[in-house]
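Below is one structure, written out as structure tokens; comments come after it.
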Amino acid sequence: MTAIEVRGLRKAYKGHEVVRGIDLEVARGEVFALLGPNGAGKTTTTEILEGHRRRDGGEVSVLGADPGTAGSEWRARLGIVLQDADDAADLTVIEMVRHLAGFYPDPRPPAEVIELVGLTPKAKSRIRTLSGGQRRRLDVALGIVGRPELLFLDEPTTGFDPEARRLFWDLIRELAAEGTTILLTTHYLEEAEALADRLAVLAAGQIVAQGTPAALGGRASAGAKVSWREDGVLRTEQVPDPTPLIRKLVAADTDLSTLTVTRPTLEDTYLSLIGAHR
Amino acid sequence: MSTLTLGVSRGHVELLQFFRDRTAMVFTFAFPGMLLLLFGTIFQDSYDEPGVSASHVFSASMIAYGILTTAFVTMGAGLAMDREDGTLKRLHGTPVSATSYVLGKLFLVLALSVAEAVVLIAIGAFVFGMSLPDASHWLTFLWVFLLSVIACSLLGMAVSAIVKHARTAGAILNVPVVALQFISGVFIYPVTQLPSWLINVAAIFPVKWMAQGFRHVFLPDGMRVNEAAGQWELGRVALVLGAWCVIGLVLCLMTFRWSRPDR
């Protein structure tokens, strides 16, 4: 079963094409991350899938419906975590969560959602008094209060401190374990690596690589960099498989106390992917 | 969840937010009341009709000003604000319909307009000694009031479509509010002092008819000679205000957008 299916998606703003033929498929229950630099088309793509923006071309199916025409029953199955909302500043946290819960046929209990995002001590505070990170956690609470089948998270942890980010990751893993499909856009590679089953890298409106975090962009078969010091001189060799080289070094009785073997990190792979498409 | 239930739920949070925002509350309510107190005290014109003072005329006419503030400005600025702070985007991502959202705003506007009218009528009655009308005139008040609130709300929504930033909304919306009051017999009365072409321009817009309707309700019948036509023209009041409700609705349906236009 697919949750999201996209074929040849296109979108231009004033003649400038920002999404240039994207194909995507996200399975039910999957956590899928969209990575890419600013301006790559992540937010535009997400907004088209959410039904917030019209597309210029291509086919899109989200939970079996076309977001451009789907109605309120379809929306009741989605959760959208906004990126930069500043609304309801004069309501309290509990008032706003309760208000949104009232829109859905089978909502989570408001107090439970607030506990889930760690805002219980702030439940009765006006939203305008929340810190940036607390405000984003409220956005998450509002996104999940309707028990969505599919959750959109557009750069959800921007402005979080490291501890809040870890707690947020735990929450996402919990939701995923309950079977929620999650589409995540993020700048943070370690976030994508920690959460996503699969990911796609967007650059200049196109998908330049797609796969599991471990195998993205040929990462699994990219080989390794072997370094060691020999007679005080740093030696480095790039090899597809380090085993024969190391065996040779051992056989030659080389001093290996400084030996390092490094494979490309997700960040290296990502940077080389988007670098090639600038 | 029905459209009406969700509309009531929206109206509830709209009211909560409005009353918690002290600045908006003070300026929305206090401004027309303050102007009425000033105008009613400063201007001492008298008319052929015994017992009627300028303060009574202002008390009646300025209910139109009150509604312009609570309906037209509140609606227009509120919508621009909701578009800017993410309220509309948030709601569009939920099962709430545009109709429920607008219903919520209308409940807010209706409550504010009733409160504003009460304030202005109370000032007229207790400060300036304006006598309150009989039952049949209250009935007229009811329909003039409702048509005025609906027309002004819908037009406020429609105008908000051309407002780019919420912080400029108040300034933009107050241009027609102030200009129309000068030519519609609210600030300057009798309106027959104005050049006739200006009176004709005013007759196209709702404000003249709102003020005229409220003067009919609160002033003695003899005061009708001071109106542009020498008559209260209630039929025409209903017709013009009704027409503006329809025009406002059509404009809203044409211009309402959940999100800001594409970058």
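Within every chain, numbering begins at 1; the chains are lettered A, B, ... in the order of the sequence lines, protein sequences first and strands thereafter.
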For chain A, which residues of residues 93-101 of chain B have heavy atoms nearer than 4.5 angstrom: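 Contacts with chain A: B/Gly93, B/Thr94, B/Pro95, B/Val96.
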Set of side-chain hydrogen bond (donor to acceptor under 3.5 Å, both in side chains) partners for A/Arg98, sequence neighbours left out: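 Partners of A/Arg98 by the side-chain hydrogen bond (donor to acceptor under 3.5 Å, both in side chains) criterion come out as none, since no residue qualifies.
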Can the ring centroids of B/Trp209 and B/Phe214 be said to lie less than 6.0 angstrom from one another?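 No; B/Phe214 has its ring centre 6.0 Å or more from that of B/Trp209.
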Begin from the C-alpha positions of B/Glu84 and B/Arg167 and carry the test salt bridge (charged side-chain N to carboxylate O under 4.0 Å, His left out) through to its verdict. CA-CA 10 Å; B/Glu84 197 157 294; B/Arg167 65 192 150 77; 5.9 Å; no
Largest heavy-atom contact set with chain B, pairs under 4.5 Å, which of A/Arg77, A/Glu50, A/Glu95: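 Result: the option with the highest number of such pairs is A/Glu95.
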List in chain and number order the residues that pass ring pair (Phe, Tyr, Trp, His ring centres under 6.0 Å) with B/Phe58, two or more places apart in sequence or in another chain; answer none if no residue qualifies.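 In terms of ring pair (Phe, Tyr, Trp, His ring centres under 6.0 Å), with neighbours along the sequence ignored, B/Phe58 is linked to B/Phe39, B/Phe43.
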Interface moiety of A/Arg126 toward chain B, non-hydrogen atoms closer than 4.5 Å: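 Answer is side chain: those atoms of A/Arg126 sit under 4.5 Å from chain B.
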Donor-acceptor contact below 3.5 Å, side chain A/Thr44 vs main chain A/Gly41: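 Pair absent, no side-chain N/O of A/Thr44 close to backbone of A/Gly41.
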Taking 4.0 angstrom as the limit, do A/Glu155 and A/Lys42 come out as a salt bridge?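 Yes.
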N-O pairing of A/Glu47 and A/Lys11 below 4.0 Å: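 Between A/Lys11 and A/Glu47 there is no salt bridge, as every charged N stays at least 4.0 Å from the carboxylate O atoms.
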I'd like to check A/Asp90 versus B/Phe18 (side-chain heavy atoms, cut-off strictly below 4.5 Å). Are they in contact?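 The answer is no, as the side chains (C-beta and beyond) never meet within the 4.5 Å cut-off.
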Can you see which heavy atom on A/Phe103 is nearest to which on B/Leu6, and at what distance?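 Between these two residues, the closest heavy atoms are CD2-CD2, 3.6 Å.
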Is A/Arg136 positioned over the aromatic face of A/Phe168, cation under 6.0 angstrom from the ring centre and no more than 45 degrees off axis?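 Negative - A/Arg136 is either too far from the ring of A/Phe168 or too far off its axis.
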Using a heavy-atom distance cut-off of less than 4.5 Å, which residues of residues 67-76 of chain A contact chain B?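 Listed by number: A/Ser72, A/Arg75, A/Ala76.
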